[in-house]
Amino acid sequence: QLVPAGGGERSTELLLFSRLDQIKAALNSGEMTVSALEKKDGSASIGFSLKLPLPSYPTVINALGRLQTETFPFVVVTKVVVDGNGAGQFTVDGSVLMPLAAGGSGAR
């Protein structure tokens, strides 16, 4: 029921990578590092780490809050670190997560 219209026709990988693209677009700048797709315990996830300039802190926090309220795939932020060394950056770590279809890998 949480799958968006047409989402059942798209692969798990496409949905997860599309959400990563939405995160990158919502935050407008920065360097994103993405981990390998992992499927275990009935879900698929991709971890990410995003480095952004410090002056965009309110924009980034608001954008992450909006992304976390979307239902599918889920965005989970695990850590936000502000660089205290004067480099003017902060890092956001998290993952994009979605349950797999019962009895399948979710890939098409």
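All heavy atoms count here, side chains included; hydrogens, waters and symmetry mates do not.
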- Message: Set out, in order, the CA-CA distance, both residues' side-chain angles and the distance that settles side chain to side chain contact (heavy atoms under 4.5 Å, CB included) for Thr91 and Ser49, then state yes or no.
- Response: CA-CA 7 Å; Thr91 303; Ser49 181; 3.4 Å; yes

Residue pair [X] / [Y]: nearest heavy atoms and the distance that separates them:
| X | Y | value |
| --- | --- | --- |
| Phe72 | Leu15 | CE2-CD1, 4.2 Å |
| Leu100 | Ala44 | CD2-CB, 3.7 Å |
| Val80 | Phe90 | CG1-CD1, 4.0 Å |
| Val77 | Gln68 | N-OE1, 3.4 Å |

Between atom [atom1] of [X] and atom [atom2] of [Y], what is the distance when rounded to the nearest 0.5 Å?
| X | Y | atom1 | atom2 | value |
| --- | --- | --- | --- | --- |
| Glu38 | Leu16 | CD | CG | 11.5 Å |
| Phe17 | Ser11 | CZ | OG | 9.5 Å |
| Arg66 | Ile23 | CZ | CD1 | 12.5 Å |
| Thr12 | Met98 | OG1 | CE | 4.5 Å |

- Side-chain touch Phe48/Thr33, heavy atoms, less than 4.5 angstrom: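 No, side chains not in contact.
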
- Do Leu50 and Leu97 belong together in a cluster built from hydrophobic side chains that touch within less than 4.5 Å?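 No.
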
Is it true that a side-chain atom of [X] and a backbone atom of [Y] form a donor plus acceptor pair closer than 3.5 Å?
| X | Y | value |
| --- | --- | --- |
| Arg19 | Val96 | no |
| Thr78 | Asp93 | yes |
| Ser95 | Gly47 | no |

- Task: Go through Glu13 and Lys39 one step at a time and tell me if the salt bridge (charged side-chain N to carboxylate O under 4.0 Å, His left out) criterion holds.
- Result: CA-CA 10 Å; Glu13 291 83 0; Lys39 294 180 181 179; 3.0 Å; yes

